[in-house]
Amino acid sequence: MDEKEIPKNLERDDEEYVSLISSLPSDIDFVGRELFKYQESWYGNKMLQAIINFQRGFEPQDTDIIIASFPKAGTTWLKALTVALLERSKHSSDAHPLRLDNPHNLVPFFELDLYAKSSKPDMTNFSSTPRVFATHVPLHTLQEALKNSSCKIVYVWRNVKDVLVSYWYFKSALMKVEAERSLLESMFESFCRGVSYGGPFWEHVLSYWRGSLEESQNVLFLKYEDLKTEPRVQLKRLAEFLDCPFTVEEEENGSVEEILELCSLRNLKNLEINKIGITSRGVDHKNFFRKGEVGDSKNYLTPEMEKRIDMITEDKFGGSGLKL
Ligand SMILES: Nc1ncnc2c1ncn2[C@@H]1O[C@H](COP(=O)(O)OS(=O)(=O)O)[C@@H](OP(=O)(O)O)[C@H]1O
């Protein structure tokens, strides 16, 4: 069977699913988990089922907004900024959704949350527009589910070395262990080979980069490091792309700064809900907030590791026009 072909009425125990999965290349990731290569990216069994559920069952609306990213590239921040932009002026500051819940509960992932168990999830929480969703899958896999609708996709990417180190800390926190060097080293190997959830990283970024060049009306390409160095400029870009630009009055009233402050790492991290809460998938909210520094990977990667990853990056991004 063509690995891109999706069988109808597919459930995890179905023969068709078993047949699909057995036709896919497989490999082992940094924790010894079997991953399958589907549409050029790697996923575990459950995730793959969820992606197929999503591709089959999602009914897009042209007003939908989708936040896309490689894991640990700035997803939580972008979810928060998007919610804050869309919700501005609707709430008193205490009752703001971001003060009451974690961005991941406000903006669910297709493959991790909504379609994890079914191709027809309960969408009653999404009765108003625009609906905002998230995903870690690359653009071509996402587009298959969007079925030519004109949803707006916002992608955030980040230096791969900081992504790797952030992933290492996150994974260690999930496993409730100290961040051990041995795990970093095996994650590094998996990353370089491209065998990790949604990987290879470089092809993931390139899929959205090319999409943003071809369909700039529909795909906005943001960089974590730019959000850090010029937050005002990037927030205004996001607002314009989402068709909710700041008015002159809003700019004069400090609305831009208010949103940036609300969504700052320091503010979100210190909210009670993010200190004690837990997502519906069982992840402690606090694990989504760490240092948020650019270049933190320097403190953990050896010069050899940096050199190897830089060479891969140069090789993969060469000629794409994409700059680190
Ligand atoms: N508001 C805000 N501002 C700036 N940076 C932030 C913010 N929220 C989270 N972070 C940092 O982003 C890293 C987590 O990445 P993701 O949010 O993509 O993780 S996830 O994929 O959703 O699990 C992780 O980066 P590291 O600190 O380098 O590990 C978080 O600290």
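Counting convention: from 1, in listed order, for ligands and their atoms alike. Atoms considered below: every heavy atom in the structure, side chains included; atoms not considered: hydrogens, waters and symmetry mates. The first residue in the sequence is number 1, and the count goes up from there.
Side-chain rings of W209 and F317 stay apart, their centers remaining 6.0 Å or farther from each other. Taking the six-membered ring for Trp, F288 and F170 have ring centres closer than 6.0 Å. Under the 6.0 Å cut-off for aromatic ring centres, F110 and F58 qualify, their centroids lying closer than that. No close placement of the H136 and F70 rings is indicated, their centers lying 6.0 Å or farther apart. Taking the six-membered ring where the residue is Trp, the centroids of H204 and Y197 are separated by 6.0 Å or more.
Counting atoms of ligand 1 from 1 in the listed order, those under 4.0 Å from a heavy atom of Y224 are 4 (C), 5 (N), 6 (C), 11 (C). When each atom of ligand 1 is checked for a heavy atom of S264 under 4.0 Å away, the hits are 1 (N). Proximity to F289 (heavy-atom distance under 4.0 Å) selects the following atoms of ligand 1: 8 (N), 9 (C), 31 (O). Per-residue contacts place K291 under 4.0 angstrom from the following atoms of ligand 1 (heavy atoms of the residue considered): 27 (O), 31 (O).
Counting protein heavy atoms only, atom 17 (O) of ligand 1 is closest to T76 OG1, 2.4 Å. The protein non-hydrogen atom at the shortest distance from atom 3 (N) of ligand 1 is W77 CD2, 3.2 Å. With respect to atom 7 (C) of ligand 1, the closest heavy atom belonging to the protein is L265 CD1, 3.7 Å. Closest protein heavy atom to atom 30 (C) of ligand 1: F288 O, 3.4 Å. The closest protein non-hydrogen atom to atom 24 (C) of ligand 1 is S166 OG, 3.5 Å. Of the protein's non-hydrogen atoms, K72 N, 2.9 Å is the one closest to atom 21 (O) of ligand 1. In terms of protein heavy atoms, atom 18 (O) of ligand 1 is closest to T75 OG1, 2.5 Å. Considering only non-hydrogen protein atoms, atom 31 (O) of ligand 1 sits nearest to R290 N, 2.8 Å.
A salt bridge is absent between R88 and E258; no separation between the charged side-chain nitrogens and carboxylate oxygens falls under 4.0 Å. Between D162 and K72, no side-chain nitrogen of the basic residue sits less than 4.0 Å from a carboxylate oxygen of the acidic one, so the salt-bridge criterion is not met.
When non-hydrogen atoms are compared, ligand 1 lies under 4.0 Å from neither the backbone nor the side chain of S69. Of the heavy atoms in H104, only side-chain atoms (C-beta onward) come closer than 4.0 Å to ligand 1. Residue contacts with ligand 1, taken as heavy atom pairs separated by less than 4.0 Å, involve A73 solely via the backbone atoms N, CA, C and O. Contacts between C263 and ligand 1, counted as non-hydrogen atom pairs separated by less than 4.0 Å, involve the backbone only.
The shortest separation from a heavy atom of G74 to ligand 1 is under 4.0 Å, placing the residue in contact. Contact between R158 and ligand 1 is present, with at least one heavy atom of the residue lying under 4.0 Å from the ligand. In this structure, H136 counts as a contact residue of ligand 1, since one of its heavy atoms falls inside 4.0 Å of the ligand. Residue contacts with ligand 1: K79 is excluded, as none of its non-hydrogen atoms falls under 4.0 Å. At a 4.0 Å cut-off, not a single heavy atom of Y169 sits close enough to ligand 1 to count as contact.
Tested against N274, the residues D284, N287, N102 include a single side-chain hydrogen bond (donor to acceptor under 3.5 Å, both in side chains) partner, N102.
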List the steps, then state whether side-chain hydrogen bond (donor to acceptor under 3.5 Å, both in side chains) holds for Q39 with Q55.
CA-CA 12 Å; Q39 299 183 346; Q55 288 184 320; 3.1 Å; yes
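The line from CD of E16 to CD1 of I52 is 10.5 Å long, rounded to the nearest 0.5 Å.
Considering backbone and side-chain N/O atoms, G292 comes within less than 3.5 Å of an N/O atom of ligand 1. Residue E293 has no nitrogen or oxygen atom sitting less than 3.5 Å from a nitrogen or oxygen atom of ligand 1, judged on distance alone.
A donor and an acceptor atom, one from each side chain of W202 and T313, are located under 3.5 Å apart.
For the pair S69 (side chain) and P71 (backbone), a donor-acceptor distance under 3.5 Å is absent.
Relative to the ring axis of F246, K236 does not place its NZ or CZ within 45° and under 6.0 Å from the centre. Judged by the 6.0 Å distance and 45° axis criteria, K79 is positioned over the aromatic ring of F109.
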